[in-house]
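Working notes, beginning with the structure itself.
Excluded from the calculations below are hydrogen atoms, water molecules and symmetry mates; all remaining heavy atoms, backbone and side chain alike, are included. For ligands, and for the atoms within them, numbers begin at 1 and follow the listed sequence.
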Amino acid sequence: PFKGTTEYCFSFGPWNIHEGTDPFGPPVREAFSFDEKVGFYRDLGFVGIQFHDDDIVPGIDEKTHAQLIARTKTVKKQLDDHGLTAEVVAPRLWESPQTIDGAYTSNSPKERQYALERSKRCVDIANEIGCKNLVLWLAREGTYIRETKDSAGAVGQILEAINALLEYDPEIRILIEPKPNEPMDIAYIPTIGHAIGLAYASDAQERVGGLIESAHAILAGLEPSDEMGYALYHKKLWSVHLNDQNGLKFDQDKAFGSVNLRRAFNQVQVLEENGYGRNGEFIGLDVKVMRTQPRDISTKHLLSSRRTFLNLLEKVRTFDKEVEQEFITARDYEGFGLLHS
Ligand code: 3MF
Ligand code: MG
Ligand code: MG
């Protein structure tokens, strides 16, 4: 069996450090500025940053192309100065007044056009910041009332947008981040299987893959490590949002391993044993600090998530595979459990 030597690189997005707003209460911590957040990464043990387009270019819709490029150059310089790499950029297609009815699947042709143009600008940002990974979280691609949209046609609309982006930049890679619900009650691309189906149907299969978030798989009632295994088999797991989730509730983005350590172990194992990270993939986090956390110590969820990953990695690498195999051969899975208890 593979005895790992991969040194993992860790990443997170600036939104992982936040003010504690939830649907029922206002912010409880003063925001850290973007510049302050960029300054935190190395000390916390992270070398990669995940971005939304407007994390880099705030107020993007009001900016000219020249302004967008100039601002992105400034951020690129900042990253270089801190020794950081941009891992992915995602068009934030769920906050604009023009994406209330969805982005690529809006019933308004004008709004669909906006979504595509905004995504192309996100590709421009990705190029300028030096990364080739565009994440599509298809947040509002769904409908509150099934009869008002055509679910088959919606697949075609999403594919059309993906193909247009693949054509717009012959090197860009698209990572679809599936999520079964929230903000929509039912989303059109709920699982990695759906995402990979889109990849194979696209005009450039080798440039469309996925990003799996642990909590999103759990919300779909699925096992995150098996979802990862499915994507890894297809060589289409290009990023992850490791976190945890306490049952079928709202998307909690809890610290990795903070609810179910066994499930976290299974994710580390499937990544490690299938070569994730060996082609430069990052261990990305999508974790929210608790609302109760005081501001000056509101990055501890990042430290604990990273440390949990590394501790579990140590377990994966040091369990005796030969002994484990003996239990498997004897079909003594209870004994196997005892071994790991
Ligand atoms: C939503 C998410 C988002 C996406 C991010 C990148 C806050 O459930 O997980 O993170 O991951 O917007 O697409
Ligand atoms: Mg999430
Ligand atoms: Mg996510």
Side-chain angles (χ1 to χ4, degrees), residues 10-23 37 48-58 60 86-96 99 103-104 115 118-119 122-123 125-126 129 131 133-142 158 161-162 165 172-192 195 208-220 222 224 227-228 231 237-256 258-259 267 281-290 301-302 305:
F10 291 84
S11 67
F12 68 87
W15 67 86
N16 285 224
I17 302 169
H18 63 97
E19 297 82 63
T21 312
D22 71 18
K37 290 181 185 178
I49 305 200
Q50 303 197 344
F51 285 112
H52 295 117
D53 49 6
D54 58 359
D55 293 324
I56 300 175
V57 183
I60 181 171
E87 182 202 357
V88 299
V89 188
R92 205 195 295 264
L93 291 173
W94 49 94
E95 287 188 0
S96 161
T99 56
Y104 309 135
R118 168 90 183 239
S119 308
C122 185
V123 173
I125 293 173
I129 204 93
C131 103
N133 293 327
L134 189 81
V135 166
L136 295 183
W137 171 39
L138 302 168
R140 295 196 187 275
E141 313 300 5
I158 295 170
I162 288 174
L165 293 170
I172 202 78
R173 300 199 308 172
I174 293 176
L175 286 64
I176 300 169
E177 178 180 356
K179 183 176 181 183
N181 57 277
E182 201 195 46
M184 307 309 296
D185 53 354
I186 307 169
Y188 284 143
I189 307 298
T191 73
I192 198 65
V208 185
L211 177 160
I212 294 181
E213 172 165 326
S214 324
H216 296 180
I218 296 165
L219 285 172
L222 299 170
E227 292 290 277
M228 289 173 186
L237 188 60
W238 298 342
S239 186
V240 290
H241 275 170
L242 297 187
N243 59 16
D244 214 343
Q245 171 74 24
N246 207 352
L248 297 181
K249 302 175 175 20
F250 58 94
D251 183 17
Q252 297 181 306
D253 298 330
K254 289 171 86 76
F256 182 56
S258 64
V259 177
Q267 292 169 69
E281 299 90 357
F282 285 76
I283 298 296
L285 302 178
D286 195 349
V287 288
K288 292 220 166 48
V289 69
M290 295 173 206
H301 60 314
L302 296 159
S305 296

Practice task
With heavy atoms of His241 as the reference, note each atom of ligand 1 found under 4.0 Å away.
Solution key: 11 (O)
Problem - Opening angle at the Mg ion (ligand 2) [OE2, Glu213; OD2, Asp251; to 10 degrees] - result: 110°
Practice task
For the residue pair Ile218 and Asp244, establish whether any side-chain heavy-atom pair is separated by less than 4.5 Å.
Solution key: yes
Practice task
Evaluate the side-chain proximity of Leu285 to His301: yes if any heavy-atom separation is below 4.5 Å, no if none is.
Solution key: no
Exercise for the section: Can you sort out which atoms of ligand 1 are near Val135, meaning under 4.0 Å from one of its heavy atoms? Expected result: 13 (O)
Handout entry: Between CD on residue Glu87 and CD1 on residue Ile49, distance to nearest 0.5 Å
Key = 11.0 Å
Exercise for the section: Using a 4.5 Å cut-off on heavy atoms from C-beta on, say whether the side chain of Pro91 contacts that of Leu134. Expected result: yes
Practice task
Examine His241 and say whether one of its N/O/S atoms is closer to the Mg ion (ligand 3) than 2.8 Å.
Solution key: yes
Exercise for the section: Please verify whether a non-hydrogen atom of His52 lies at under 4.0 Å from ligand 1. Expected result: yes
Problem - Main-chain N/O of Tyr104 paired with Glu141 side-chain donor or acceptor, under 3.5 Å - result: yes
Practice task
Mind checking whether Arg92 contacts ligand 1 via backbone (N, CA, C, O), side chain (CB onward), both or neither, at a 4.0 Å heavy-atom cut-off?
Solution key: neither
Exercise for the section: Say whether Glu213, considering both its backbone and side-chain N or O atoms, lies within less than 3.5 Å of an N or O atom on ligand 1. Expected result: yes
Exercise for the section: Give the residue, atom name and distance (to 0.1 Å) of the protein heavy atom nearest atom 6 (C) of ligand 1. Expected result: Glu177 OE1, 3.4 Å
Exercise for the section: Please step through ring-ring contact (aromatic ring centres under 6.0 Å, His included) for the pair His52 and Trp137, ending with a clear verdict. Expected result: CA-CA 10 Å; His52 295 117; Trp137 171 39; 8.1 Å; no
Handout entry: Which residue and heavy atom of the protein sit nearest atom 3 (C) of ligand 1, plus the separation
Key = Asp286 OD2, 3.5 Å
Problem - No-hydrogen, no-angle side-chain donor-acceptor test under 3.5 Å, Asp253 and Asn243 - result: yes
Problem - Name, closest N/O/S atom of Glu177 to the Mg ion (ligand 3) - result: OE2
Practice task
Say whether, by atom type as modelled, one donor and one acceptor occur between the side chain of His18 and the main chain of Val289 under 3.5 angstrom.
Solution key: yes
Problem - Where ligand 1 meets Lys179 - atom numbers and elements under 4.0 angstrom, heavy-atom basis - result: 1 (C), 8 (O)
Fill in the blank from the handout: shortest atom 7 (C) of ligand 1-to-protein heavy-atom contact is with Trp15 NE1, 3.3 Å
Exercise for the section: Output yes when a side-chain donor or acceptor of Ser214 lies under 3.5 Å from a complementary backbone atom of Pro224, and no otherwise. Expected result: no
Exercise for the section: State the atom name: nearest N, O or S atom of Asp253 to the Mg ion (ligand 2). Expected result: OD1
Problem - Side-chain heavy-atom pair Met184, Arg140 within 4.5 angstrom cut-off - result: yes
Handout entry: Contact check: Trp94 vs ligand 1, nitrogen or oxygen atoms, below 3.5 angstrom
Key = no
Handout entry: Asp286 near the Mg ion (ligand 2) via N/O/S, less than 2.8 Å
Key = no
Handout entry: Part of His216 with heavy atoms under 4.0 Å of ligand 1, whether side chain, backbone, both or neither
Key = side chain
Problem - Polar proximity ligand 1 side, Trp137 side, N/O cut 3.5 Å exclusive - result: no
Handout entry: Side-chain touch Leu136/Ile189, heavy atoms, less than 4.5 angstrom
Key = no
